[in-house]
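Inspection log for the structure reproduced underneath, given as structure tokens.
Residue numbers start from 1 in every chain, and the chains themselves are labelled A, B, ... in the order their sequence lines are given, proteins ahead of strands.
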2 protein chains.
Amino acid sequence: MDIITKYNTQDRLLVAVDCIIFGFDGHQLKALLVKRNIDPDRGKWSLMGGFVHQDESTDEAAQRVLHHLTGLQTTYMEQLYCFSNVDRDPASRVVSIAYFALINIKDYQERIHDEHEARWFPLDQIPDLVFDHTEMLRKAKERLQQKVANQPIGFELLPGKFTLPQLQNLYEAIYETPLDKRNFTRKILSLDILNKLEEKEKESSRKGAFYYVFDRDKFSRLHQEGVKFI
Amino acid sequence: MDIITKYNTQDRLLVAVDCIIFGFDGHQLKALLVKRNIDPDRGKWSLMGGFVHQDESTDEAAQRVLHHLTGLQTTYMEQLYCFSNVDRDPASRVVSIAYFALINIKDYQERIHDEHEARWFPLDQIPDLVFDHTEMLRKAKERLQQKVANQPIGFELLPGKFTLPQLQNLYEAIYETPLDKRNFTRKILSLDILNKLEEKEKESSRKGAFYYVFDRDKFSRLHQEGVKFI
DNA sequence: TCAAAAGTGTTTAGGCTACACCCATGC
DNA sequence: GCATGGGTGTAGCCTAAACACTTTTGA
């Protein structure tokens, strides 16, 4: 069978991307959802998604979709899983590649609300979602937990400078479990990937907490993979 | 925009699956490759793959492809990653979902050789592969290493009964590093997921090594996820 | 009797966990 | 001066790593 026969007789499918966008407001881990504006299921909450074009990779499609929603270009983004049940979208056969993104919620909160009917939902208050998006979100949360334990991606969810209590809150939110303050501090600082600033954050306490910044150079001097974070 | 307009104006893409099939012969970890029999790159070594049909999920497509090659139905199989670079297949735009499978090499070795131009290659002697299949294999190996440390999937690569030295060989092959025999034995046995048989394997030593079998019931009494194996 | 692989315990070091009090500051 | 959250040290436990000799048996 030659190439024309083989390739041309095959089924062609709609391919989509859906983005699970996580943000952290200092207390809660949240996901960004939009109101779906096409049928079927118009008006239900949904992950942000879109179809993959002929001339772009799924990574590029996911970046395009995220950029369209948030204006962000260089967010941390990672492919999650391909969802392909035949009847996952009742309107048509659509294979969807799910991506998850981590963004710093503060910087983009307002812009998002202005431009789209989008809202941040705490992970324990997610509404019913269209199709298999609930499953996608569940899987994304799982992956985030795994990932954050071994790679310094948690910092993507925080502003450039952050306090140790904020960082601990983030890890507690991701793991859904309280952590010991002294053990947490010791372990993070012992990795030697943070730089302490002179400046203090004074909004959430009278004493104030020192700001730290993540030092990518220091980190890259560790093993690229496999460093245990928490 | 209504559903007809939205869905019908989208690009439709060829979607394929490619299977990274791992086997273990008691000493080496191997991958099953086939000679590609269509253009482009006819005659080059390749992962086993095929196009996804309109009426099947990618999981089903991967099972179909694996079954076609090996006759196996119920192998351990897991989705690996979606590869979607626009020019990954020079003949046409094809999005490929890669799967990796673990099979017991001994039971199926002859059948495979008879029916297809397929061969087992040790992982350190993989030939040039078509398209991005080298990258797929690299990623599969990485995933196997991660996975086998936390879940008892290594047993899928062994016959139903196996000796501790065989099991250790397997882990050494996957991790590409020697392990201490005493520490290995103690750790595996302490998990209490193996049953020792009376019978000994006598081919590879004069003394003989006791056979063990993996006990799925005992295992499922442990946490479903998150047990550290090695 | 020798060669070749199987089987078996102990010691040590490092990391993880649990735990409670003082500090700095704004009101 | 008091309420609030920030910051700090130690001791016990457990797990992981290092390490060498004896056993079995076929040739």
Can you tell me how far [atom2] of [N] sits from [atom1] of [X], to the nearest Å?
X: Leu189(A); N: dG9(D); atom1: CG; atom2: C1'; answer: 14 Å
X: His27(A); N: dG5(D); atom1: NE2; atom2: P; answer: 10 Å
X: Phe184(A); N: dT17(C); atom1: CZ; atom2: P; answer: 13 Å
X: Glu201(B); N: dT25(D); atom1: CD; atom2: P; answer: 14 Å
X: Leu179(A); N: dC16(C); atom1: CG; atom2: P; answer: 13 Å
X: Leu164(A); N: dG5(D); atom1: CG; atom2: P; answer: 17 Å
X: Tyr175(B); N: dA16(D); atom1: OH; atom2: P; answer: 13 Å
X: Gln168(B); N: dA5(C); atom1: CD; atom2: P; answer: 14 Å

Tell me whether the side-chain N or O atoms of [X] pair up with the base of [N] as donor and acceptor below 3.5 Å, since no angle test is needed here.
X: Arg206(A); N: dG6(D); answer: no
X: Arg186(B); N: dG9(C); answer: yes
X: Lys202(B); N: dG26(D); answer: no

Give Thr163(A) one of three labels, base, sugar-phosphate or nothing, depending on what nucleic acid heavy atoms sit under 4.0 Å from its own.
-> nothing
Tell me whether the centres of the aromatic rings in Phe24(A) and Phe22(A) are closer together than 6.0 Å.
->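 Centroid distance Phe24(A)-Phe22(A): not below 6.0 Å, so no.
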Looking at the rings of Phe162(A) and Phe155(A), which for Trp means the six-membered one, are their centres under 6.0 Å apart?
->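 Yes.
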As a test of reading the structure: which of [options] is closest to the side chain of [X], going by heavy atoms?
X: Phe210(B); options: dG9(C), dA5(C), dG7(C); answer: dG7(C)
X: Lys187(B); options: dA16(D), dT10(C), dG7(D); answer: dA16(D)
X: Pro165(B); options: dA6(C), dT8(C), dG9(D); answer: dA6(C)
X: Lys181(B); options: dA20(D), dG5(D), dC19(C); answer: dA20(D)
X: Lys207(B); options: dA17(D), dG7(C), dC19(C); answer: dG7(C)

Glu142(B) and Gln146(B) side chains, donor-acceptor separation under 3.5 Å = no
Only one of Thr58(B), Asn85(B), Asp18(B) passes side-chain hydrogen bond (donor to acceptor under 3.5 Å, both in side chains) with Ser96(B); say which it is.
-> Asp18(B)
With DNA chain C as reference, determine whether Ser204(B) or Asn183(B) sits nearer its 5' end, using the nearest nucleotide of each.
->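 Here Ser204(B) is the residue nearer the 5' end.
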Glu176(B) side chain reached by Gln145(B) side chain, heavy atoms, under 4.5 Å |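 Yes - at least one pair of side-chain heavy atoms lies under 4.5 Å apart.
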CG on Leu66(B) to CE on Met48(B), rounded to 0.5 Å = 8.5 Å
Audit row: Tyr81(B), Phe83(B), ring-ring contact (aromatic ring centres under 6.0 Å, His included) steps and yes/no | CA-CA 6 Å; Tyr81(B) 200 75; Phe83(B) 294 81; 5.3 Å; yes
Test salt bridge (charged side-chain N to carboxylate O under 4.0 Å, His left out), reference Asp132(A), set Arg88(A), Lys139(A), Arg138(A), output is Arg88(A)
So what's the dot-bracket for DNA chain C: Watson-Crick or G-U pairs under 3.5 Å, [ ] if a pair crosses, | if it pairs off-strand?
-> |||||||||||||||||||||||||||
